[in-house]
**Student:** 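Take a look at this one; I'll ask things after.
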There are 2 protein chains.
Amino acid sequence: MATRVPSEHGSVRKAPRQLRSRATVDTIVEAAARVLARRGWAHFTTNETASAAGVSVGSIYQYFPNKLALAEEIRKRHLDAVLAAISGSDERDAVITVEQRAAKLVDGVVAAHSVDQELHRVLLDEVPLAARSTQDQFEAEYLRRYQAVIASAPGKPDPKRDDIAGRVLSGAVEGVVHAAARHGELQSPELRAELIELVCAYLRSRCTG
Amino acid sequence: MATRVPSEHGSVRKAPRQLRSRATVDTIVEAAARVLARRGWAHFTTNETASAAGVSVGSIYQYFPNKLALAEEIRKRHLDAVLAAISGSDERDAVITVEQRAAKLVDGVVAAHSVDQELHRVLLDEVPLAARSTQDQFEAEYLRRYQAVIASAPGKPDPKRDDIAGRVLSGAVEGVVHAAARHGELQSPELRAELIELVCAYLRSRCTG
DNA sequence: CCAAAATGCGAGTGTCCGCTCACATTTATC
DNA sequence: GATAAATGTGAGCGGACACTCGCATTTTGG
């Protein structure tokens with residue numbers, strides 16, 4: 001999508017109206033994502049993106065006020081794909097056990113990080129984030145999955161403590177998955193088992209103690 | 001330190017021999033660290049570093065073959081400081097309990113991330129790492145602390161499983177601490193308590209099940 | 001003291017790349 | 001068809017910045 005009515009720096013670009021231009025925008029964003037993943041943010045140039053997309057630089061700036069806006073669009077599309085990869089782990093099925101719920105959560109997060117791994121890494125580690133809104137919205141959605149797991153565990157709810165527990169769980173799972181991704185061990189079954197065990201152990205201790 | 005006898009790209013620089021030049025190198029590195037922390041890697045320039053240090057650009061290139069080498073030196077010094085912040089949690093004191101050991105570990109990691117937080121973030125998130133060696137050496141040392149905690153927990157040792165457990169524990173603690181740092185909650189006692197609980201719960205479950 | 005080595009200087013060079021603009025081409029409207 | 005609007009083009013401008021080089025100054029060793 002390239003409807004950029006308001007822009008932080010004033011430079012507004014018009015939205016594509018015809019079919020042709022919408023296709024052009026898609027081509028640009030897809031090519032840009034490939035270039036960004038392959039070269040990293042430091043070597044990500046609009047000129048290379050243009051030739052990779054088979055368009056001229058001018059066409060990029062017809063729809064994006066600057067390089068960063070293009071990266072933001074890539075991020076937005078990617079985060080949507082990631083959320084799609086997680087969906088299914090938030091079913092309100094009360095019959096499944098905590099262990100199964102934890103397994104679904106872990107599998108979801110692993111799946112999310114398996115969507116175009118290199119692009120994911122570059123977007124998270126290298127591309128500076130200009131507008132918090134998109135990122136915040138995504139993080140909130142992400143956190144909700146963890147809160148759901150916390151809430152589904154037995155024990156009396158304690159809003160404040162549960163909130164912190166959500167952050168702890170989220171940070172822990174993300175941390176383990178990120179580390180695994182860096183070492184190319186995302187698909188290791190042993191790691192999956194240990195991670196699920198970590199989640200379950202924590203949940204168990206929280207209703208015991 | 002600026003003894004760069006071998007350099008990856010061939011450009012070698014001489015080491016400072018006199019007191020004066022050693023002081024200059026220190027001044028440069030310290031100023032560079034401040035600039036890097038304040039402006040981020042993207043806006044970190046050698047010219048600004050030079051004027052911040054009160055020297056000329058030429059003096060920088062007298063001792064560092066390029067900008068990245070300067071950043072590497074900053075990283076090296078910073079990682080040393082971080083290791084110093086952790087030291088003390090690896091005492092082989094067999095009398096203390098697992099809970100106490102876990103607490104020491106968590107406190108150590110938190111302390112490590114409290115050393116010049118912004119610089120730490122920039123170094124980890126933004127500065128590209130050219131030479132793996134330094135980073136790898138540091139990570140190995142870091143992992144050792146976790147392995148020590150794993151080994152101190154009761155239960156029969158299982159080398160392969162313990163190795164994975166070390167990675168899981170390391171990833172989890174790092175992940176939680178990083179997330180907390182991003183939200184400025186590094187000093188929260190509640191978070192500390194929950195994180196220690198996470199570690200203990202995991203260790204407990206590993207000797208029970 | 002006096003070479004010679006070490007250190008320090010900073011204007012300038014070369015390169016890279018984001019972005020513009022004047023113009024060409026295609027599509028919509030009547 | 002004709003006019004206007006939308007879309008596409010790419011050479012090149014301008015600024016940023018890493019890094020060099022010829023020279024000045026300081027320190028060392030004899």
Side-chain angles (χ1 to χ4, degrees), chain A residues 2-4 7-29 31-32 35-36 39-74 126-128 130, chain B residues 2-4 7-29 31-32 35-36 39-74 126-128 130:
Chain A
T3 319
R4 37 204 68 263
S7 175
E8 30 285 343
H9 294 88
S11 293
V12 180
R13 291 297 183 274
K14 54 188 168 189
R17 302 206 170 287
Q18 306 177 355
L19 268 178
R20 181 170 56 129
S21 56
R22 255 181 290 243
T24 301
V25 169
D26 281 349
T27 308
I28 289 174
V29 175
V35 173
L36 183 58
R39 313 267 289 171
W41 173 251
H43 299 296
F44 170 62
T45 72
T46 51
N47 286 323
E48 182 174 351
T49 296
S51 63
V55 302
S56 76
V57 242
S59 292
I60 294 181
Y61 287 92
Q62 193 100 43
Y63 303 105
F64 300 95
N66 52 54
K67 193 172 81 156
L68 191 55
L70 178 54
E72 294 270 302
E73 177 63 24
I74 297 173
E126 301 185 356
V127 178
Chain B
T3 319
R4 35 204 70 263
S7 175
E8 30 285 342
H9 293 86
S11 293
V12 179
R13 291 295 184 275
K14 53 187 168 190
R17 303 207 169 287
Q18 306 178 356
L19 268 177
R20 179 171 58 129
S21 56
R22 255 181 289 245
T24 302
V25 170
D26 282 349
T27 308
I28 290 173
V29 175
V35 173
L36 183 58
R39 313 265 289 168
W41 173 252
H43 299 296
F44 170 63
T45 72
T46 52
N47 288 324
E48 181 174 352
T49 296
S51 63
V55 303
S56 77
V57 243
S59 292
I60 293 180
Y61 286 92
Q62 193 101 43
Y63 304 105
F64 300 94
N66 52 54
K67 193 172 79 157
L68 192 54
L70 178 54
E72 296 269 301
E73 178 62 25
I74 297 173
E126 300 185 356
V127 179

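From a predicted model like this one, the values you see are computed outputs, not experimental measurements. All chains are named by letter (A, B, ...) in the order of the sequence lines, taking the proteins before the strands, and each is independently numbered beginning at 1.
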**Student:** Could you work out, with ring pair (Phe, Tyr, Trp, His ring centres under 6.0 Å) as the rule, every residue matching B:Phe44, not counting sequence neighbours?
**Tutor:** B:Trp41
**Student:** Taking salt bridge (Lys or Arg N to Asp or Glu O under 4.0 Å) as the definition, give me every residue that meets it alongside B:Arg20, ordered by chain and number, with sequence neighbours left out.
**Tutor:** none
**Student:** Considering only nitrogen or oxygen atoms on both sides, find all protein atoms under 3.5 Å from nucleotides 9-12 of chain D and state each distance.
**Tutor:**
residue, atom, partner, partner atom, Å
D:dT9, OP2, A:Ser56, N, 3.2
D:dT9, OP2, A:Ser59, OG, 3.2
D:dG10, N7, A:Ser56, OG, 3.3

**Student:** Which residues satisfy the side chain to side chain contact (heavy atoms under 4.5 Å, CB included) test with A:Ala23, sequence neighbours excluded?
**Tutor:** none
**Student:** In whole angstrom, what separates A:Ile60's CD1 from C:dC17's P?
**Tutor:** 14 Å
**Student:** What's the CG-P distance between A:Asp26 and D:dT7, to the nearest Å?
**Tutor:** 14 Å
**Student:** Taking atom P of C:dC19 as reference, at what distance in whole Å does atom CD of A:Glu48 sit?
**Tutor:** 16 Å
**Student:** Of all residues at least two apart in sequence or in a different chain, which pass the side-chain hydrogen bond (donor to acceptor under 3.5 Å, both in side chains) check with A:Glu126?
**Tutor:** A:Arg121
**Student:** With a cut-off of less than 4.0 Å, is there a side-chain N or O of B:Ser21 near OP1 or OP2 of C:dA6?
**Tutor:** no
**Student:** Take atom CZ of B:Phe64 and atom P of C:dT7, then tell me their distance rounded to the nearest Å.
**Tutor:** 13 Å
**Student:** I'd like to check the salt bridge (Lys or Arg N to Asp or Glu O under 4.0 Å) partners of B:Arg39; sequence neighbours left out, ordered by chain and number.
**Tutor:** B:Glu48
**Student:** Could you check whether any side-chain heavy atom of A:Leu36 comes within less than 4.5 Å of a side-chain heavy atom of A:Leu70, counting everything from C-beta outward?
**Tutor:** no
**Student:** Base contacts versus sugar-phosphate-only contacts with protein, heavy atoms under 4.0 Å: please encode nucleotides 24-30 of chain D as B, S and - from 5' to 3'.
**Tutor:** --SSS--
**Student:** Provide, to the nearest angstrom, the distance between the CZ atom belonging to B:Arg39 and the P atom belonging to D:dA16.
**Tutor:** 12 Å
**Student:** What pair of heavy atoms forms the shortest contact from A:Ala50 to A:Val57, and how long is it?
**Tutor:** CB-N, 3.6 Å
**Student:** Rounded to the Å, how far apart are A:Tyr61 OH and D:dC13 P?
**Tutor:** 18 Å
**Student:** To the nearest Å, how far apart are A:Asn66 CG and C:dG18 P?
**Tutor:** 11 Å
**Student:** Quick one: B:Arg13 CZ to C:dG8 C1', roughly how many Å, whole number?
**Tutor:** 15 Å
**Student:** Looking at every non-hydrogen atom in both residues, tell me the closest pair between A:Thr49 and A:Ala31 and how far apart they are.
**Tutor:** O-CB, 4.1 Å
**Student:** Any side-chain N or O of A:Thr46 less than 4.0 Å from the OP1 or OP2 oxygen of C:dC17?
**Tutor:** no
**Student:** Please check the phosphate of D:dT7 (OP1 and OP2 only) for any side-chain N or O of A:Thr24 closer than 4.0 Å.
**Tutor:** no
**Student:** I want to check something: taking the side chain as every heavy atom from C-beta on, are B:Phe64 and B:Thr46 in contact at a cut-off of under 4.5 Å?
**Tutor:** no
